[in-house]
Every structure is written in C-alpha cells, then in structure tokens.
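Below is one structure, written out as structure tokens; the observations come after it.
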Amino acid sequence: MSAAPDLLLVDARLRTPEPSGHTTVAVRDGLITALGDAADARAWRGPGTEVVDLAGATLTPGLTDAHSHPVWGLEMFTGTDLSGVTDLEGLRAALRDAERRDGWIIGFGLDHNVFGGRPVHRDLIEDVLGGAPAYLRLYDGHSVLASAAALKAAGIDGPRAFAQLSEIVCGADGRPTGHLVEHAAMDLMTPFLPAQPYAERRDRLVDLLTGMAATGLTSAHVMDLGGPDVPGLLTALEEDGELPLRLRLAPWCMPGVGEEELDEFVRLQGRAGRMWTIGGVKFFMDGTVEGGTAWLEHADCHGRGTDAFWPDPAAYTAAVRHLHRAGVGTATHAIGDAAVRHVLDTVEGLGGFGTGGPRHRIEHIETVPDDQLGRFAALGVVASMQPPHTAYTRADHTDEWSRRLGEERAARAWRCRDLRDAGAHLALGSDWPIAHYDARQVLATAQAPRGAASARHGLTGLMALEGMTTHAAVAAGEERIAGRIAVGHRADLTAFAVDPVEAPADETENAPIRLAVAGGRITYRN
C-alpha cells in the first residue's frame, strides 16, 4: 500500500456481498484501497488513520435505496400524518383536531382503504373542517382530496383537459368532488398551498438524510429533480459540510415534451457536487391501481385503467429513443401490465440493448403476466421494485388494490422472486415517502412480502441484499465502481449487528446498524 489509509475497519465479517475471508477494509480518499486481516491492519495503519473496531459486525456494501424521493417527498410529507387512519370516522376525528398552517389543513399518507370502497369525495369530510381549506394527499402520491374552500381558492370549478393522464373528478352535476387525480390536476393547487420556508426545507432535508443513514443507507436513486432550485440547495448544503447520503437524481420528463426540452435533459446529465449527481431521466407510463390510473390490458372493476399516462404512447417511445441515442438512461414508472409491456416493447425497438449502452429500468411493476417475465433479462431492462408497498394490501384481497384488479391479476402481485428467477436484475427501494425509508424494512419485506403478495414471491436473504447493493449499482450503470466491497470501488459500507443474509427477516428488520460509511466518511455510528 503506497499510502496509509484514512480509515481502517477491523474485526468485521465481510460480505462483498458474498461471504469473504477478510476482516479488514482500508479506505483512502473515498475508495476501498485494500482488503486484509488483523495483521494487515497493523501494518497499514498510519499516524492519521482512524481505526474502527466493528467487534464482529457484518460489513456489507453500502445499502442503496433504488427508488426514493427525499427532496420532493418533503413537500408530500408535510402537515398532519394520516397514515395511521384506518376508517372514515378515524379520518374525520383526525381532521377535527388537525393543526392549521396559514389557515390550511394539510394532510399526508391517507390510505385509499379508509373510504371502504366509497368514492373519494369532499362531502365525507366537509362538516368537520370548520370551513378551512384542506388538502389531503393520498399515500400513493398520485392523488389528493381537496375541500370546497381549497378548490375555490385555486379556482377549480369544473373539469379540465390535460396533456397527460390527469383528472379533476366531477359528479353528475359537473361540480368537482375534490378528488384530484395525477400530477397535472394536483399541480393546479400548488401555488395556493402554504409555502415551506427555505431554511425549514433545508433543515428538514439534512435531518431526513441523517435519519436514512441511521438505517444503513449510504446512497439513494432519487426519482425526481425536486424542483429547479434543488441543485442550488444541494450545492449550498455541501458548502457547509457533506451530505449524509450519495444522491443520484433523475428529472421528470412529461408528455408534450419537445426536442429542445429533451436536449436540455441531455445537457443536465452529469451536473454534480461531491455527493450528488444528475443521472438518467424519469418517465411515467401510468399512475396507480388504487387511483384507477394504472395502464391495464383489461379495465379494472370500475371500468378504468385502459389509458396510458402519455395520451400518445408512441410519443413516449420517441422521447426514450431520443435520449437513448444521446447516451442517457431512463427509468419509467409502470405499474400496470399494459404499461410494463409498452416499456419493454420500447426498449426492444431501440436495438443494441445489452451492449454497454445506456441503462433502462422499469419502476414498480406491481402486476406482470408470465409472458413478460423473461423479457427483462433478454432486453437488459432492470426491474426496480419496492417491497414495502405490499403492506397497503391484504392477503384476502379485500383491499382497494386487489379489488380493482380482480383475483387473477392480484395473484401476480409484486413478483420479485419470479423476476429474479427469470434472470432479471432486481433493484430494491422504499419509494419514500410512500413507504418508510428504513432500509432494513426493505430487506425484510423483500424476504417476507405482506398483504396480497404471495410468500412464494419472497427473496432469499442474499437476493434481498443484492437488490440494495450489486443490482442497485447495475440499475445506475455503476457496477464497476459501486455495489461491492472491492478494491477500487467507492467506500460506501454498512455494518449490521446481524448477518442480513442469514438472519430471519424479522431480526433483520430490527437489527442495530453499527456503522454507515459514504464516500469514505462515517455518516452514522452506534
């Protein structure tokens, strides 16, 4: 070793993520420089080397949340937490006592199942609001319930046409019910909502990333840019110190985009700070099952779900092709079977897949038929899935997600194991704030799915760990520098009190994290 390491991690049980006979990792300038044993550690140590004794803890590659929204999600995670509400009376009680911000009631995390199959309608809550404008985000992030006063403040008094799949739901009388579905409809409200002060937003982001690191996360694939000011916000944070997590951000590309805007996405690629970069572009091919906007090959039980998010799916394909030719990878939100099929067809039509070109991935994949499973590996498309979402469903299929799809499609929910067995790379994440960011919960629910997801779809402990390490690196096109404990790779490392591969899922979910290291810096220590 030509120079003494900055950091030595000793007495560790290394998983690279395979078992390793090494017990020591040397780190210098943010990279892993050597692997060895106790004798090597003594020889390598220099006067400025920090030595951390892990006392037999299991050291893995740093965990990556392959689908998260830590910046944009702060907006969604504001106000009264409604995630614990289970029925309509509970919702009404929570709203009676909800705090006001600038006169508004803002809520988040509201479960579709609260309405018990009834249509989402402001009439169900108006009498407990005291006339206050209310804006309640449903947990899926693709719809809200707005009160009469909120609709009036935004001048929303009837249906409108949008360039993307969005809807102001209206009753038979033509008046809005308060249910705003998908981004364009929800965005009508944004200018009228209470603003979050910059200093508060900045502090909350640091607190959030610090909390994520405490669960073992060292990086996140951020499936949005979070606003045009976010690069400036991240730059300002790095002027004061280091980010607790490495962030890879993918800006959204929406229907109606032209060549000039696509070229701007290309120019954005690689804009970076020390611990953040813009990489890839995020698309939406559909919405959510519960909201009736997942693109399905056959309509759901309410006759909905037969429309794509891009009214002209061919325009989506053309946009992906434009970016592909420029060397830019894409991530496409596709939940329904028709959406998944169209994205796979698009990638197949690009040609040259699997030859080192830009990486393409599909996010969510909540229901997929047998004939599509093998296409992921054949086309080199990464499957990016979020096992904690299964908690919003029920094993007996009485939940809104399962009822809408029907038994056949609900029976093929979250087919993580089937995709792995078919040879696909499978990256795992939380989709925070849709589900909790705790990386241990992602690992645990990947092994022991909940709700409608069959237990046979559970991954092995090693598969789950690979989903947040080696396969997450493949999803970002970073497998040569990330996702493994190997010389020359980034020094992103996580130390568990248990072996997350061998321990039962419930033990992993509650396992103490001993250490998190991102870019060679200790970001969490216990």
Side-chain angles (χ1 to χ4, degrees), residues 9 12-20 22 25 27 30-32 35 54 57-68 212-222 244-248 275 279 359 361 382-388 416-417 419-420 423-430 437-447 458-503 505 508-509 511 513-520 523-524:
L9 305 180
R13 298 179 67 248
L14 263 63
R15 279 198 168 275
T16 63
E18 297 81 10
S20 166
H22 299 298
V25 177
V27 174
L31 298 177
I32 297 169
L35 306 179
L54 290 175
T58 299
L59 189 68
T60 73
L63 300 183
T64 293
D65 188 326
H67 189 119
S68 186
M212 288 179 165
T215 75
L217 286 171
T218 63
S219 64
H221 298 169
V222 181
L245 257 64
R246 189 186 305 279
L247 304 177
R248 180 181 177 88
M275 288 288 287
R359 196 68 40 85
R361 48 193 281 182
V382 175
S384 172
M385 300 178 72
Q386 301 74 45
C416 291
R417 182 59 179 265
L419 281 161
R420 274 297 307 256
H425 281 103
L426 175 65
L428 300 177
S430 68
Y437 56 71
D438 194 325
R440 297 164 300 180
Q441 290 185 16
V442 177
L443 293 172
T445 52
Q447 295 175 70
L459 303 177
T460 67
L462 180 59
M463 287 176 176
L465 180 61
E466 289 171 339
M468 301 193 78
T469 55
T470 53
H471 287 222
V474 169
E478 296 179 337
E479 58 268 31
R480 290 186 175 89
I481 59 171
R484 304 192 71 85
I485 301 180
V487 173
H489 276 49
R490 291 173 179 160
D492 293 352
L493 302 157
T494 302
F496 290 83
V498 304
D499 183 340
V501 170
E502 300 295 339
T508 297
E509 185 169 10
I513 298 297
R514 296 302 187 206
L515 193 75
V517 176
T523 55
Y524 176 76

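What you see is a predicted model; the values in this text were computed from it and never measured.
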Is the backbone of Thr58 close enough, under 3.5 Å, to the side chain of Asp499 for a donor and an acceptor to pair up by distance?
no
- Query: Hey, does the side chain of Thr494 reach the backbone of Leu63 with a donor-acceptor pair shorter than 3.5 angstrom?
  - Reply: yes
Between Leu54 and Arg13, is any pair of side-chain heavy atoms under 4.5 Å apart?
no
Mind running side chain to side chain contact (heavy atoms under 4.5 Å, CB included) on Cys416 and Met463 for me, showing each step along the way? CA-CA 10 Å; Cys416 291; Met463 287 176 176; over 6 Å; no
Value for OG1 (Thr60) from CZ (Phe496), rounded to nearest 0.5 Å, stands at 5.0 Å
| His221 and Arg361: side chain to side chain donor-acceptor pair (under 3.5 Å), yes or no, with the steps? | CA-CA 12 Å; His221 298 169; Arg361 48 193 281 182; 3.1 Å; yes
Determine whether Arg359 and Glu479 satisfy the following criterion, side chain to side chain contact (heavy atoms under 4.5 Å, CB included), listing intermediate values before the conclusion. CA-CA 11 Å; Arg359 196 68 40 85; Glu479 58 268 31; 3.1 Å; yes
Heavy atoms of Leu428 and Ala446 approach each other most closely as CD1-CB, 3.8 Å
Between Ala475 and Val382, the two heavy atoms sitting closest are CB-CG1, 3.7 Å
List the steps and the verdict of side chain to side chain contact (heavy atoms under 4.5 Å, CB included) for Glu509 and Gln447.
CA-CA 10 Å; Glu509 185 169 10; Gln447 295 175 70; over 6 Å; no
One should read off an interatomic distance between Asp65 CG and Met468 CE, to the nearest 0.5 angstrom, of 5.5 Å
Tightest non-hydrogen contact, residues Pro244 and Ala213, listed as O-CB, 4.3 Å
Between Val498 and Ala503, the two heavy atoms sitting closest are CG2-CB, 4.0 Å
ask   = Between Thr523 and Ala516, is there a donor-acceptor pair closer than 3.5 Å when you use the side chain of the first and the backbone of the second?
value = yes
Say whether, by atom type as modelled, one donor and one acceptor occur between the side chain of Arg417 and the main chain of Gly458 under 3.5 angstrom.
-> yes
Test item: Leu515 and Tyr524 side chains (from C-beta on) under 4.5 Å apart, heavy atoms: no
Side chain to side chain contact (heavy atoms under 4.5 Å, CB included) with Ile485: of Leu9, Leu35, Thr469, Asp492, only one passes, and it is Leu35
Subject >> pair Ser430-Val442: side-chain heavy atoms closer than 4.5 Å >> reply: yes
Of all heavy-atom pairs linking Gly483 and Thr470, the shortest is O-CG2, 3.2 Å
Sidechain-backbone polar pair: Arg440 side chain, Ala511 backbone, donor-acceptor under 3.5 Å: yes
Under 4.0 Å between a Lys/Arg side-chain N and an Asp/Glu carboxylate O for Arg15 and Glu502?
-> yes
Output yes when a side-chain donor or acceptor of Thr218 lies under 3.5 Å from a complementary backbone atom of Leu493, and no otherwise.
no
Here the pair of heavy atoms bringing Leu245 nearest to Ala220 is CD2-CB, 4.2 Å
| request: Would you sort out whether Val27 and Val517 count as a side chain to side chain contact (heavy atoms under 4.5 Å, CB included), showing the intermediate values? | output: CA-CA 10 Å; Val27 174; Val517 176; 5.7 Å; no
Worksheet item: Under 3.5 Å, is there a donor-acceptor pair between the side chain of His471 and the main chain of His425?
Response: no
Requested in this report: Indicate whether the side chain of Thr64 and that of Ser219 have a donor and an acceptor atom separated by less than 3.5 Å.
Outcome: yes
Hey, does Glu18 have a side-chain heavy atom less than 4.5 Å from the side chain of Arg484? yes
